Amino acid sequence: MRANPPAGGAARPTAPADPGVSFRLLGTLEIATEAGPLPLRGMNQRAVLAFLLLHANQVVATGDLMQVLWPNGDAPATARKVLQNTVSALRGVLAGGAVPTHVASLVSQAPGYMLRMAPAALDLERFRVLADQGREALAAGQPESAARLLRAALGLWRGRAAQELAESGVEWPQLAVVDSARTAAFEDYCDAELRNGRHHEVIGGLEAGAAAEPSRERSCHLLMLALYRAGHQAEALRAYERLHQQLSKDFGVQPGREVRDLHQAIINQDPALLPSDGPDIDFSSPSDPELDLLFALLALVQRQRRPHVVTLAGGPGGGQGWLLSELASTLRQDGQVTVWHVRTGPDGAALGDDLRAALRRATPYRPLVVVAENLHDVGGGVPECVGEVIRTAGRTPLLVVLTARAEPESLWPGWNAAVPWSTTIMV
């Protein structure tokens, strides 16, 4: 994956390609090869390897590695020999696994040792590259690209950094920095998805993050915004109160101005907290009255941020297929509108499932056109199914386009009452 480089600028390096051997620090420590993980025996090997990976391509002093093995300063007289044996054993692991020297080699270099390695071989380095690219895409106003890059970065994690060491009581500042980078990348990811209008998708993760680190202001800020946009104003205000109490208890301070301003804006129900509508769609007139009407309804949907249903009613050969083809072709060329084709099924079950699935992927930034054809072949549950989706769509710019051989009210009595905001076009 790559974020688009700024116009006129040099392309950013992408995450390095996998060289076939992966040193995995983001979770349980392991050296993964195509033949399986290489054997690491004992905590000494794991601790020294983890510390060298945290300082990959840097010289680590012998004294620092001895502090790793004996953090309480109780190193025995044989400490230097024990460290040498541990380093020798790690070299044996690399040699036994046929790890190429251009991928990784453990060399002696005064005043200690260095693990030379290709950046592509270390999951931590791949994470950093992807996270940096995602952050730059976010700053450049490209939230979709940012979300993809940050999702890939977070996907490299399998638990806490060097998890078995952390669980045994190791508390290196370097591990805390790496874990903090993961939290920051997750917050950036949630920020990107909020800009994409996917507030529902990030609430659960933000709630878990706020519970794990209750005094972290940015996580709380994002959670408050996500909850408010999802229609949970009271829960958003409660999240603020929890943060306020935690900061007061732990540090004797109140939340920063940005969080306080958001709190007040939520109380005031400030319209600026809602996602922006994005640019208006501008289509050239297709010169066909029915097609003109379809585009006018789509523009209305975007402008009012309110869903609408339009039924193209008429017999076979009445022009429904041509209208749908022209509509889809124009929208795909324009690129500002997502088009979904959904199934129906004889009893309408597939129609309901697909409409709900489409709605879950919709965003306030990008109008969505959902097309369902030949509704006359579906049973009597169509009004309830379509009406449910329309009523739950909220402020989603959704246009549902149906085709049938007759007007909906004649096919399904009670249609007009069950489906608000509906138009029929006879073709």
Side-chain angles (χ1 to χ4, degrees), residues 21-33 36-97 99 101 103-119 121-128 156-184 212-216 246 249-251:
V21 179
S22 179
F23 288 76
R24 297 179 178 174
L25 187 63
L26 307 181
T28 302
L29 182 67
E30 66 178 22
I31 306 173
T33 70
L38 301 185
L40 293 172
R41 295 185 175 88
M43 292 302 289
N44 280 3
Q45 286 187 24
R46 291 180 176 277
V48 170
L49 176 60
F51 201 78
L52 290 170
L53 288 173
L54 287 167
H55 300 84
N57 297 308
Q58 302 174 35
V59 177
V60 180
T62 298
D64 291 338
L65 289 173
M66 292 174 65
Q67 180 69 22
V68 164
L69 296 180
W70 295 279
N72 297 322
D74 53 352
T78 58
R80 188 172 295 271
K81 184 61 175 178
V82 172
L83 175 60
Q84 290 172 348
N85 290 341
T86 301
V87 170
S88 178
L90 286 173
R91 286 171 173 157
V93 170
L94 299 180
V99 177
T101 56
V103 173
S105 61
L106 180 48
V107 300
S108 299
Q109 186 168 329
Y113 301 93
M114 177 169 61
L115 183 57
R116 290 178 179 160
M117 62 188 314
L122 180 59
D123 61 355
L124 175 58
E125 180 60 24
R126 296 199 300 274
F127 163 76
R128 286 169 172 162
L156 295 170
W157 285 78
R158 298 164 291 112
R160 294 179 62 187
Q163 183 165 311
E164 68 272 48
L165 297 178
E167 291 175 350
S168 70
V170 169
E171 296 181 349
W172 301 336
Q174 296 89 343
L175 287 180
V177 169
V178 173
D179 283 326
S180 181
R182 178 191 190 183
T183 302
E213 297 188 63
S215 60
R216 193 170 178 101
Q246 193 71 39
K249 172 186 173 184
D250 292 346
F251 308 107

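Computed from a prediction, not measured in an experiment: that's the story for all the values here.
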Q | Euclidean distance, Leu26 CG relative to Asp123 CG, rounded to 0.5 Å | A | 3.5 Å
If you look only at distance, which donor and acceptor atoms sit under 3.5 Å apart when one is on a side chain in residues 109-117 and the other is two or more places apart or in another chain?
none

Q) Can you list the residues that meet the side-chain hydrogen bond (donor to acceptor under 3.5 Å, both in side chains) rule with Arg91, with sequence neighbours excluded? A) Ser108
(Q) Just verifying a value: how many Å separate Leu54 CG and Leu122 CG, rounded to the nearest 0.5 Å? (A) 8.5 Å
Q) With sequence neighbours left out, what residues match Arg24 under side-chain hydrogen bond (donor to acceptor under 3.5 Å, both in side chains)? A) Glu30
Q | Any Val48 side-chain heavy atom under 4.5 Å of Asn44 side chain | A | no
Q. Does any pair with a residue in residues 60-69 pass salt bridge (charged side-chain N to carboxylate O under 4.0 Å, His left out), and if so which ones, sequence neighbours excluded?
A. none
(Q) So, using side-chain hydrogen bond (donor to acceptor under 3.5 Å, both in side chains) as the criterion, who are the partners of Arg128 when residues are at least two apart? (A) none
Q: First locate atom CZ of Arg216, then atom OG1 of Thr183, and finally report the distance between them rounded to the nearest 0.5 Å.
A: 5.0 Å
Show the atom names and distances, to 0.1 Å, of all donor-acceptor pairs under 3.5 Å that link a side chain in residues 167-181 to residues at least two apart or in another chain.
unit_1: Glu167; atom_1: OE2; unit_2: Gln163; atom_2: NE2; d: 3.2
unit_1: Ser168; atom_1: OG; unit_2: Leu165; atom_2: O; d: 2.7
unit_1: Asp179; atom_1: OD1; unit_2: Ala161; atom_2: N; d: 3.2

Q. What pairs of residues pass the salt bridge (charged side-chain N to carboxylate O under 4.0 Å, His left out) test when at least one of them lies in residues 39-50, not counting sequence neighbours?
A. Arg46-Glu164
**Q.** Partners passing side-chain contact (heavy atoms from CB on, under 4.5 Å) against Asp74 (at least two apart in sequence or in another chain)
**A.** Trp70, Asn72
Q: Starting at CG of Leu53, measure out to CZ of Phe23 and round the result to the nearest 0.5 Å.
A: 6.5 Å
Q) Between Ala47 and Leu69, what is the shortest heavy-atom contact and its length? A) CB-CD2, 4.5 Å
Q.
Rounded at 0.5 Å granularity, tell me how far CG in Leu29 sits from CE in Met43.
A. 9.0 Å
Q | Inter-residue atom distance Leu38.CG - Leu90.CG, 0.5 Å rounding | A | 11.0 Å
Q. At their closest point, which heavy atom of His55 faces which heavy atom of Val60, and how far apart are they?
A. CB-CG2, 3.7 Å
Under 3.5 Å, which donor-acceptor pairs link side chains of residues 76-88 to any protein atom two or more places apart or in another chain?
unit_1: Asn85; atom_1: ND2; unit_2: Lys81; atom_2: O; d: 3.4
unit_1: Thr86; atom_1: OG1; unit_2: Val82; atom_2: O; d: 2.9

**Q.** Partners meeting side-chain hydrogen bond (donor to acceptor under 3.5 Å, both in side chains) with Arg182 (sequence neighbours left out)
**A.** none
